[in-house]
Amino acid sequence: MATGTTGPAGSTGTNAPGRAHIRARHLRTDRWWLSPAVTVTILSAFIVYSTWRAFANDDYFAEPYVSPFYSPCLASECDSMPMSANAPLFGDWWGLSPALLILIFPLGFRLTCYYYRKAYYRGFWASPSACAVPEPRGSYSGETRFPLILQNIHRYFFWFAAVVAVILTWDVLIAFRDEHGAWGHMGLGTLVLLANVLLIWAYTLSCHSCRHIVGGKLKHFSKHPVRYRLWGFVSRLNGRHMELAWASLFGVALADLYVYLVASGAFDDPRFF
Amino acid sequence: MSEVERHSYDVVVIGAGGAGLRAAIEARTRGLRTAVVCKSLFGKAHTVMAEGGIAASMGNVNSQDGWKVHFRDTMRGGKFLNHWRMAELHAKEAPDRVWELESWGALFDRTADGRISQRNFGGHEYPRLAHVGDRTGLELIRTLQQRIVALQQEDEREFGDPEARLKVFQECTVTRLLTVPDAGSEAGNRIAGAFGYWRESGRFTVFDAPAVVLATGGIGKGFKVTSNSWEYTGDGQALALLAGAPLINMEFVQFHPTGMVWPPSVKGILVTESVRGDGGVLLNSEGKRFMFRYIPDVFKEKYAQTPAEGDRWYTDQENNRRPPELLPRDEVARAINSEVKAGRGSPHGGVFLTVVGRMAGGTEEIRRKLPSMYHQFKELADVDITAEAMEVGPTCHYVMGGIAVDPDTAATPGVLGLYAAGEVAGGMHGSNRLGGNSLSDLLVFGRRAGEHAARYAEEIGEARREAAQEQLDAAEAEALAPFAVESAENPYTVHQELQQTMNDLVGIIRREGEMTEALTRLDELKARAAKAGVEGHRQYNPGWHLALDLRNMLLVCECVARSALERQESRGGHTRDDFPAMSAEWRRVVLACSIVDPDAETLSVRLTRGEAVPMRADLLELFERDELTKYLTDAELPGKDG
Amino acid sequence: MTYKADFRIWRGDTDGGELRDFKVEVNEGEVVLDIIHRLQATQAPDLAVRWNCKAGKCGSCSAEINGRPRLLCMTRMSTFAPDEVVTVTPMRTFPVIRDLVTDVSFNYAKARQVPSFTPPEGLKPGEYRMQQVDVERSQEFRKCIECFLCQNTCHVIRDFEDNKAAFSGPRFLMRIAELDMHPLDVADRQKAAQEEHGLGLCNITKCCTDVCPEHIHITDNALIPMKERVADRKYDPLVWLGNKIRRRGSGD
Ligand SMILES: Cc1cc2nc3c(=O)[nH]c(=O)nc-3n(C[C@H](O)[C@H](O)[C@H](O)COP(=O)(O)OP(=O)(O)OC[C@H]3O[C@@H](n4cnc5c(N)ncnc54)[C@H](O)[C@@H]3O)c2cc1C
Ligand code: SF4
Ligand code: SF4
Ligand code: FES
Ligand code: FES
């Protein structure tokens, strides 16, 4: 039968003792590097854009639209945004851009998201870049140690993200008023914010932690028919979690960009009624 | 002879399919030191391929089911040639064996009230097959495998060694059984162990044990078009023959009606019967459901006469008869064969089988109920079964014949200490096996074989002996022969010719002249096989392994051809063009094959006729007299009054 | 369509080996295993390869084709261009035995470390009642044919031999999930998944899911839910508190 399986401690990689000796590190002939390269490019572009916008502390409100980067505003020095979420919990000692206060939550949510983890482990850490392509390092401890062990608190970010999603929904509602506060308005901006919030919700609800909380943790679905149906719904969304992660990422960036263009006067919001 | 590795056990089980694992679990549970030896990796045995289900009359879906109904169906399916006692034990014990699997972790599909769901299958009167989608065999083998692991974990806790009482020797092929003389048995000997080689290293190994259970499965690799894997080279049958135990009913080989026919490289791969059980129908090139024209007289009252009635049956089984697509396999296989011969076949020489529009739940339901079929056709043939018809034709599937055993103990009458269970054993299925009856057979008789092997090993105690050194030397010399021959034949070529011969001359429809021809060719092939040589060394050398398997295949194929030539009637898995009728006289005849001389240069088999044991009166009473007259001679029929 | 294909096959054993070139006939509808068999029958009778069913059901014929872990019997030749060189090597995570055959005993050793199914005390065979919706999750995992391709591709052990001791691999982490979700299993498996079987080493990069020939959603349906269950037990003080108050396991 079988002989021993492990080589001497410390030997690593596909050329560890005992394994078939093949000189090539990998033999993949397809364009395996494409997907991590695309991931890196898009994520980097988003980071650059959002950093600029988050620190800009300007052009984030154009009655009745508020940029998702700045809502809710937890600092006291925000523009006055009638009816929208001015919640100066932090008082006036906060001197930096108010976006930073709130962006922590969606950022944390996405940073600990099971899908984004896969994407950046593969793209930025090459851990691994693609399947059966060896990692460029000598040892590996996965998510067992600090800081990566913190990934386990993803569920808390889910709850925060859900709260943020509620607030952003409110922002869409108030985008149905015109600049004088009268109801019955709809402009392109309303639609942009609406699309954004739908994507945010879809992404948030498709979260693995959400799937676990609504029903995944149960042992007997049959004893909880309502939660089972919810779980089924979330599971279907969850099957598209990757697509939703990207779509909603583009969604927020575009929504913010739209508000920026309108607020900075570069573009006039077309009104439908 | 060089030093060989030796292992001593109480019970050695050869084969790690359903039968072997169940036997091993039983022997170990009775506290005996047990070894399981298998040619492939643990958990890969042929049983994984079983799809449709396990037949057991639990009555979960239709409460009218019970062992008596199951018994009747089994006897009818086997055309009354079955050993009735095996059929009886099988029908009675199958439900317990299935429930036991559940307590070891198996997860069958469920009914609405949480019991094990059961599905329809050819020849079974009620929905009877416990199943998991269409991967029931996988569930069975994994459950038994995990049960073995559980027992090993127990031993680890108790003895600090998981393999203290149960060890699996994987990728180890047994080539000879070892015996010592014993006046008390028919063949004059009793078991002392087994001799084999490690596939990985090519080194030899000896198992010393007073009791051996053979559970090595079937013989399909003797045929060209087969649903069986490379393991099915008739090893167990040949090992038993060589040790002195006879084979019976070897003429009965089941051709499953629905194997894939296209592309060539997958020809023979099984299309599970559940396709028909769940609504699939067979069509010829004219788009006709031809099966209605092929309902034989013995089954006339049990099957629908019109497509409309057949279709109603799927939803209302009380008031309708089942569609003829669900006739026993031999009938359907012959019907397909005739359609193709009559020029009404599909482009690649089969007929059409379709589920399109046959399930209420549409595409979705097809994919849920037949996931692996969907997968198989998609990936291997580029056919989407939810939208297109499959092309299917008969494929060699199962051998009903096998090692003669005592129904209650699974002991071979020939050699003391030798037991056999599963496909390798004969008698249970008569002339034709019903779908789903094999998996239950494995469990019922695997357990019995394990139990009785264990008892025997306990009884024999101190009297156990090791085989004489000459036997080991001879076995070693035999195994090394292929390296020594000059002017070598290519074993792959010999194998291909053997398969072609069996397929063409001893296939689904048989004729005297062809079978005589086959026997001549088998003789030639034997001579060539003796010269089959191999290149390279002993380490994991497939050419060598095949050269060794040739001996077994040739012996077993000779048994099939000889018995088939002898039996002058058509019944179940044996169809004679020249003797198309079923004969009540022949029903009583049991053809047995035994080896002429196990040490001869050229091995050959001899045929003897035996008589079937008459069925117990209380079992006969389970049938209508009218029905019995179709099978039994007047003398065998029960008196008018009882 | 018949043509001659270029194959490069790794031949060798523990002492070393190399990729050898072969030219071999390919016919319509064939899979890579057919080609290997043709090579055995015509050019290399002792070419070692492990297989059984040739129908994607037993999981014996695992190897790597053009650098990707695959079943030889389920890889159709039509997926390659006729002029493409097809490279076949043994799995590169397990010790090689010879040619395309590797020693997969690592997996059997890991299987034995997962405590087996534990039914409730006193429940007799035949009395088991389970609802279809409750068994479906575990049924998905039981489709596994133990081809060990997921184990082979997982970078945790593929790239780091020294992790083998601490990590059971996707196949057996999934087995733990299967039992944890089994409606009648009463053993506590969640902490052990992390502490004894190395669930934390998995960084959910999904290569196991990518290669699984049974298309089991290993990562989404087994590993991540298991990580969430572990988080409940080890990393989430609120759930811990809640359970303390409600007494674990009362509701469901
Ligand atoms: C495609 C397919 C589908 C099927 N579907 C069904 C179904 O739905 N229902 C049903 O009831 N039946 C079905 N059957 C039939 C059933 O699966 C088999 O008859 C049954 O699995 C045989 O089991 P076994 O335990 O006798 O042997 P196997 O499972 O075949 O095991 C044989 C064992 O013996 C070992 N072995 C063989 N020779 C040697 C040797 N020389 N030395 C050491 N070890 C050796 C092998 O390695 C293997 O472990 C199906 C068969 C096929 C091919
Ligand atoms: S998802 Fe986890 S288990 Fe699967 S391959 Fe990646 S690291 Fe390994
Ligand atoms: S989970 Fe999939 S890839 Fe892994 S062993 Fe099972 S079948 Fe193979
Ligand atoms: S948001 Fe991606 S998993 Fe939670
Ligand atoms: S040979 Fe069984 S999976 Fe390929």
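Proteins get letters first, then strands, A, B, ... in listed order; numbering begins at 1 in each. Small disclaimer: the values here were computed from a predicted structure and weren't measured.
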Item to complete: Would you mind checking which part of C:His217 comes under 4.5 Å of any heavy atom in chain A, side chain (CB onward), backbone (N, CA, C, O), both or neither?
Response: neither
Fill in: Proximal component of A:Trp125, with respect to chain C [non-hydrogen, under 4.5 Å]
neither
Worksheet item: How would you list, by chain and number, every residue that makes a salt bridge (Lys or Arg N to Asp or Glu O under 4.0 Å) with A:Asp30, sequence neighbours excluded?
Response: A:Arg28, C:Arg68
Practice prompt. Sort A:His208 into side chain, backbone, both or neither according to what part of it lies under 4.5 angstrom from a heavy atom of chain C.
Written response: both
Worksheet item: If you count heavy-atom pairs under 4.5 Å with chain A, which of C:Asp13, C:Asp180, C:Asp15, C:Val85 comes out on top?
Response: C:Asp180
Practice prompt. Using only heavy-atom distances, determine whether the side chains of C:Gln113 and C:Ser168 contain a donor-acceptor pair under 3.5 Å.
Written response: no
Practice prompt. Assess the side chains of C:Arg171 and C:Gln151: does a donor N or O sit below 3.5 Å from an acceptor N or O?
Written response: no
Item to complete: Would you mind checking which part of A:Ala24 comes under 4.5 Å of any heavy atom in chain C, side chain (CB onward), backbone (N, CA, C, O), both or neither?
Response: backbone
Worksheet item: Would you say the SG of C:Cys207 sits less than 2.5 Å from the SG of A:Cys131?
Response: yes
Item to complete: Below 4.5 Å from any heavy atom of chain C, which atoms of A:Ile149 appear? Answer side chain, backbone, both or neither.
Response: side chain
Discussion item. Tell me which of these, C:Leu199, C:Val230, C:Val156, has more heavy-atom pairs under 4.5 Å with chain A than the rest.
Written reply: C:Val156
Item to complete: Sort out for me which of C:Met181, C:Lys234, C:Gln131, C:Arg229 touches chain A most, counting heavy-atom pairs under 4.5 Å.
Response: C:Arg229
Discussion item. Heavy-atom pairs under 4.5 Å with chain A - which of C:Thr153, C:Ile204, C:Thr14 has more of them than the others?
Written reply: C:Ile204
Discussion item. Is C:Asp185 in contact with chain A via its backbone, its side chain, both, or neither, using a 4.5 Å heavy-atom distance?
Written reply: both
Discussion item. Heavy-atom count check: over 12 atoms from other residues, nucleotides or ligands less than 6.0 Å from A:Tyr156 OH?
Written reply: yes
Worksheet item: Measuring heavy-atom distances to chain A, does C:Thr87 have an atom under 4.5 Å in its side chain, in its backbone, in both, or in neither?
Response: side chain
Worksheet item: When you check the gap from the basic side-chain N to the acidic O, do A:Arg122 and C:Asp210 get nearer than 4.0 Å?
Response: yes
Item to complete: Heavy-atom distances under 4.5 Å only: say whether A:Arg145 touches chain C with side chain, backbone, both or neither.
Response: neither
Worksheet item: Taking atom types as modelled, is there a side-chain donor on A:Tyr115 or A:Glu243 under 3.5 Å from an acceptor on the other?
Response: no
Discussion item. Does A:Arg155 qualify as a cation-pi partner of A:Phe158, given the criterion of NZ or CZ under 6.0 Å from the six-membered ring centre and within 45 degrees of its axis?
Written reply: no
